Amino acid sequence: FLSYLLFGHGINVDLQTDATLQVDISDALSERDKVKFTVHTKSTLPNFKQNEFSVVRQHEEFIWLHDSFVENEEYAGYIIPPAPPRPDFDASREKLQKLGEGEGSMTKEEFTKMKQELEAEYLAIFKKTVAMHEVFLCRVAAHPVLRKDLNFHVFLEYNQDLSVRGKNKREKMEDFFKNVVKSADGVLVAGVKDVDDFFEHEKTFLLEYHNRVKDASAKSDRMIRSHKSAADDINRIASTLYTLGTQDSTDVCKYWTKLFPLFSKLSKIEARVAADEDLKLADLLKYYLRESQAAKDLLYRRGRALVDYENANKALDKARAKNKDVLQAETSQQVCCQKFEKISESAKQELIDFKTRRVAAFRKNLVELAELELKHAKGNLQLLQSCLGVLKGDT
Amino acid sequence: MAAEMEPPPLGNAGETDFRELEDGEDLFVSTVTTLEYPEPSSPEPASLPAEDISINSNGPKQKDVSFDDDPEDLFAEATEEVSLDSPEREPILSDGPSPAITPVTPTTMLTPRMDLGAADMFERSLDEIEEDNNGDTFDIHIAVSDPEKVGDGMNAYMGYKVTTKTSMTIFNKNETTVRRRFSDFLGLHSKLASKYLHIGYIVPPAPEKSIVGMTKVKVGKEDLSSAEFVEKRRSALERYLMRTVKHPVLLKDPDVIMFLESSELPRAVSTQALSGAGILRMVNKAADAVNKMTIKMNESDAWFEEKHQQFENLDLQLRKLHASVESLVCHRKELSVNTASFAKSAAMLGNSEDHTALSRALSQLAEVEEKIDRLHQDQAYADFYLFSELLGDYVRLITAVKSVFDQRMKTWSKWQDTQLLLQKKRESEAKLQFANKPDKLQQAKDEIKEVRSTLEGKVEQGEKDFELISKTIRKEVSRFEKERVKDFKAVIIKYLESLVQTQQQLIKYWEAFLPEAKAIA
């Protein structure tokens with residue numbers, strides 16, 4: 001389907017799409033309140049029954065997969081690719097509904113025009129959600145360890161419904177409390193000074209970075225929203241100019257008729273600028289907000305393991321001093337040590353990879369953002385200058 | 001006042017004409033004492049024979065043309081018919097010296113029916129009149145500047161400097177500077193409206209009052225919004241004056257000239273909303289609205305029907321356009337604020353980014369966005385002062401145009417009413433003929449006859465008034481539409497140029513940023 005979207009999105013540039021496992025979303029269907037994604041896999045791996053196959057998945061199943069990674073102790077030392085956000089067509093649907101209700105109060109042209117715009121908006125949101133889900137799968141497929149996960153394979157291959165119902169109220173409450181505990185714990189864990197410089201630096205860095213990305217993401221959203229509103233105003237101005245052109249019989253009429261196509265095109269360009277900023281800037285920031293959170297989670301898990309390790313050490317010392325349950329304490333300490341070292345080792349690499357990915361993604365998107373802004377500004381300029389030429393030449 | 005008198009159009013010159021005519025018509029010395037319609041037996045000076053008229057040195061084309069031009073010149077003398085029973089009785093209430101107004105009855109001037117084809121001739125001759133205004137070409141520039149707060153607290157007001165630069169001879173000096181306050185402008189408009197609206201001239205409306213805006217200024221709030229308010233008002237006052245003087249008739253009005261030249265101007269108290277005059281105005285407005293609904297005019301002239309409809313449509317669309325542009329201004333200001341906020345945020349992000357090249361690029365992005373935010377702000381300013389204010393002015397102007405159409409309706413209505421009255425009197429006269437009261441009969445018959453002939457005169461007058469206002473409106477509308485084209489074209493071009501500049505700047509900024517982004521390694 002829109003695998004170009006993956007690269008169009010440029011969120012993750014480094015993903016090796018090697019022949020052993022290629023995943024993409026080849027199709028998607030929007031049905032009332034759910035979206036059905038067709039997940040298409042091509043693989044030479046022996047674990048799969050066929051080399052190429054497709055299944056239909058819904059958002060909840062993606063979430064299930066993600067959560068299964070998070071809960072898996074084996075993956076504690078990896079940055080778990082952030083889950084895709086829930087498809088949210090509510091706003092768009094509401095607007096379409098309002099348009100339908102207000103159909104009587106506007107002219108046929110206005111109605112068709114607005115309908116087209118809203119449909120385009122709907123389509124844009126739709127494409128975005130598909131891309132987000134696809135990126136998640138590709139990240140998993142590209143990860144040397146996660147790609148081997150059994151649940152992942154089931155997700156890709158099992159052509160029945162996974163019967164992963166959404167969480168019920170109680171489970172949601174449990175989640176909520178878990179998160180509260182975790183964040184409290186996270187504060188405690190974060191407070192523990194790390195001996196390792198690398199991790200100490202990463203901890204400080206990620207904490208600050210995450211907060212600032214969050215702020216930048218929110219501000220960029222607001223900026224883009226204003227931009228869209230301005231584009232809408234220009235569109236409305238264009239419509240009124242059109243009406244004036246048809247009504248006015250005086251000499252001013254010719255100005256209206258010349259200005260209408262200008263403003264109409266200008267509004268389209270402004271809307272595109274806003275859309276491109278959304279894609280290249282806002283989405284980029286949103287994605288790295290989620291990834292930096294996932295990286296923070298990794299650091300938390302390592303920190304937790306470190307604390308456990310240190311506690312186990314203390315317990316061992318105590319046991320040795322009292323000469324009681326020493327063997328138990330020794331085993332426990334061993335386990336903690338292993339766990340901690342395993343996490344530390346993979347975490348280091350993960351964080352280095354994270355930085356590489358991040359830098360590459362920002363570079364690609366900032367370059368593309370600048371190029372698109374230039375393209376649109378030049379387009380605007382040309383339109384304006386040609387219209388001015390006509391107007392001025394007219395005496 | 002006016003030093004020089006140009007070769008008079010009617011054989012008598014500008015100001016002096018007033019007085020001459022005035023003396024001749026000893027019934028009408030000042031507005032206040034006038035009580036009724038001018039008598040049909042109008043004094044001679046007013047009824048100058050048509051043949052005498054040679055308006056322009058260029059010479060009129062045909063007799064008809066000169067005919068049409070006469071009322072134009074007569075009105076150049078700023079005449080007004082005054083009658084207590086006409087609702088627009090503001091002259092009584094405006095303080096300050098109202099110039100002596102001479103009702104002139106253009107009795108023999110008008111032909112009863114105007115050809116539609118004559119409209120074209122109007123336009124041509126109007127051009128000539130405009131160009132050949134007493135020999136002056138239209139050359140006047142007015143600037144409103146230096147707003148200064150005078151006084152303190154709630155009695156404080158904003159004083160503006162009004163500078164007039166002109167080579168026209170109706171003015172005393174080539175350059176005059178006076179200080180005026182907002183109520184002075186309102187007073188001027190009020191006087192002009194009372195003199196000219198009801199005979200069909202489109203008097204440009206004055207800027208609107210703003211209690212909120214002014215209070216902030218009075219109270220001394222030295223913030224951005226009150227500075228913006230003052231600038232908005234200053235600009236609006238300037239446009240108002242320029243529009244007023246662009247009108248060839250209003251330009252020569254003594255009130256206008258006094259406003260621009262006289263160093264002291266009596267305070268126009270009646271412009272206050274809660275003054276006696278203000279309240280009367282509101283009452284009159286309400287009465288007008290009611291009347292408008294009850295007058296059902298038989299429109300015999302398709303031109304008026306069409307134009308009226310056109311203006312209604314235009315009004316609607318311009319208001320819509322104005323609203324959209326105001327919304328655009330608002331969103332652009334918002335965009336500017338949000339861009340600035342994002343710029344700061346991006347700078348912070350750049351600071352915390354530990355990859356050096358990316359960090360630098362993000363800082364650059366922040367700088368670009370900061371420059372862009374200022375660009376948006378400037379653009380919003382242009383959106384507003386060029387586009388939005390123009391539209392606002394025209395929405396108000398169209399209201400003035402519509403009110404002129406309403407005045408015509410009122411004039412028609414008055415004429416019809418008089419006609420009905422005449423009809424009744426004729427009937428009673430006829431009845432008397434067959435009545436059986438011989439002794440009182442002759443007296444009654446004489447009385448009725450007198451009343452009837454008076455009414456006949458009034459009916460004739462009413463018809464002529466109606467003809468006149470119709471003619472004037474046609475001219476005014478054509479002038480208005482020409483002005484509109486010029487106005488819009490000029491502003492649109494300026495506005496588009498501002499948009500061009502914005503885009504050029506954007507290109508500059510992004511072109512500077514691109515290599516920085518590419519340099520991220």
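Owing to the predicted nature of the structure, the values given are computational and were not obtained by experimental measurement. All values below come from the heavy atoms of this structure, side chains included, with hydrogens, waters and symmetry mates left out. Just so it is clear: chains get the letters A, B, ... in the order the sequence lines come, proteins before strands, and each one is counted from 1.
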What residues of residues 378-388 of chain A sit under 4.5 Å from chain B when only non-hydrogen atoms are counted?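 Near chain B, by residue number: A:Lys378, A:Asn380, A:Leu381, A:Leu384, A:Gln385, A:Cys387, A:Leu388.
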Excluding sequence neighbours, so at least two apart, what forms side-chain hydrogen bond (donor to acceptor under 3.5 Å, both in side chains) with A:Arg302?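 If we apply the side-chain hydrogen bond (donor to acceptor under 3.5 Å, both in side chains) test to A:Arg302, skipping adjacent residues, the hits are A:Asp194, A:Ser344.
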side-chain hydrogen bond (donor to acceptor under 3.5 Å, both in side chains) against B:Tyr394, all qualifying residues, sequence neighbours excluded: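 Once residues adjacent in sequence are excluded, the partners of B:Tyr394 under the side-chain hydrogen bond (donor to acceptor under 3.5 Å, both in side chains) criterion are B:Asp487.
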Give the member of A:Arg225, A:His227, A:Glu208, A:Lys219 that has the highest number of heavy-atom pairs under 4.5 Å with chain B.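 The candidate making the most pairs under 4.5 Å is A:Lys219.
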Based on non-hydrogen pairs under 4.5 Å, which of A:Ala231, A:Ser217, A:Ala230 is most in contact with chain B?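 When all of A:Ala231, A:Ser217, A:Ala230 are compared, A:Ala230 has the most.
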Is any side-chain N of the basic residue among B:Lys508 and B:Glu511 closer than 4.0 Å to the acidic one's carboxylate O?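 B:Glu511 and B:Lys508: not salt-bridged.
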Looking at A:Glu371 and A:Lys375, does any basic side-chain N land under 4.0 Å from a carboxylate oxygen?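 No, no charged N to carboxylate O under 4.0 Å.
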Identify which part of [X] has an atom lying under 4.5 Å from any heavy atom of chain B, answering side chain, backbone, both or neither.
{"X": "A:Phe205", "value": "side chain"}
{"X": "A:Phe263", "value": "side chain"}
{"X": "A:Leu281", "value": "side chain"}
{"X": "A:Leu259", "value": "side chain"}

Relative to chain A, which of [options] shows the most heavy atom pairs under 4.5 Å?
{"options": "B:Asp354, B:Leu496, B:Ile520", "result": "B:Asp354"}
{"options": "B:Glu306, B:Arg484, B:Glu481", "result": "B:Arg484"}
{"options": "B:Leu358, B:Leu316, B:Leu321", "result": "B:Leu321"}
{"options": "B:Leu318, B:Ile493, B:Leu506, B:Ile492", "result": "B:Ile493"}

Donor-acceptor under 3.5 Å (B:Ser498 side chain, B:Tyr495 main chain):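 Yes, the answer is positive, given that a donor and an acceptor are paired below the 3.5 Å cut-off.
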Kindly say whether A:His376 contributes a backbone atom to a donor-acceptor pair with the side chain of A:Arg272 at under 3.5 angstrom?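 No.
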Got a sec: does the NZ of A:Lys214 have more than 12 other heavy atoms crowding it under 6.0 Å?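 Not more than 12 within 6.0 Å, no.
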Flag if over 12 foreign heavy atoms under 6.0 Å of CZ, B:Arg360: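 Check fails, neighbour count at 12 or below.
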With side-chain hydrogen bond (donor to acceptor under 3.5 Å, both in side chains) as the criterion, how do B:Glu353 and B:Ser359 come out once you've worked through the C-alpha distance, each side chain's angles and the decisive distance to 0.1 Å? CA-CA 5 Å; B:Glu353 171 59 64; B:Ser359 169; over 6 Å; no
Between B:Tyr381 and B:Tyr385, does a ring-ring contact (aromatic ring centres under 6.0 Å, His included) hold up when you go through it step by step? CA-CA 6 Å; B:Tyr381 188 88; B:Tyr385 278 104; 4.7 Å; yes
Can A:Tyr288 and A:Tyr209 be said to form a ring-ring contact (aromatic ring centres under 6.0 Å, His included), step by step? CA-CA 10 Å; A:Tyr288 278 94; A:Tyr209 187 80; 7.9 Å; no
Contact part of B:Gln310 toward chain A, heavy-atom cut-off under 4.5 Å: side chain, backbone, both or neither?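 The side chain, not the backbone.
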Is it the backbone or the side chain of B:Phe311 that comes under 4.5 Å from a heavy atom of chain A, or both, or neither?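 For B:Phe311, there is no contact with chain A at all, as no heavy atom is under 4.5 Å.
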Please enumerate all residues that pass salt bridge (charged side-chain N to carboxylate O under 4.0 Å, His left out) together with A:Glu121, with sequence neighbours excluded.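 Here the qualifying residues are A:Lys95, A:Lys228.
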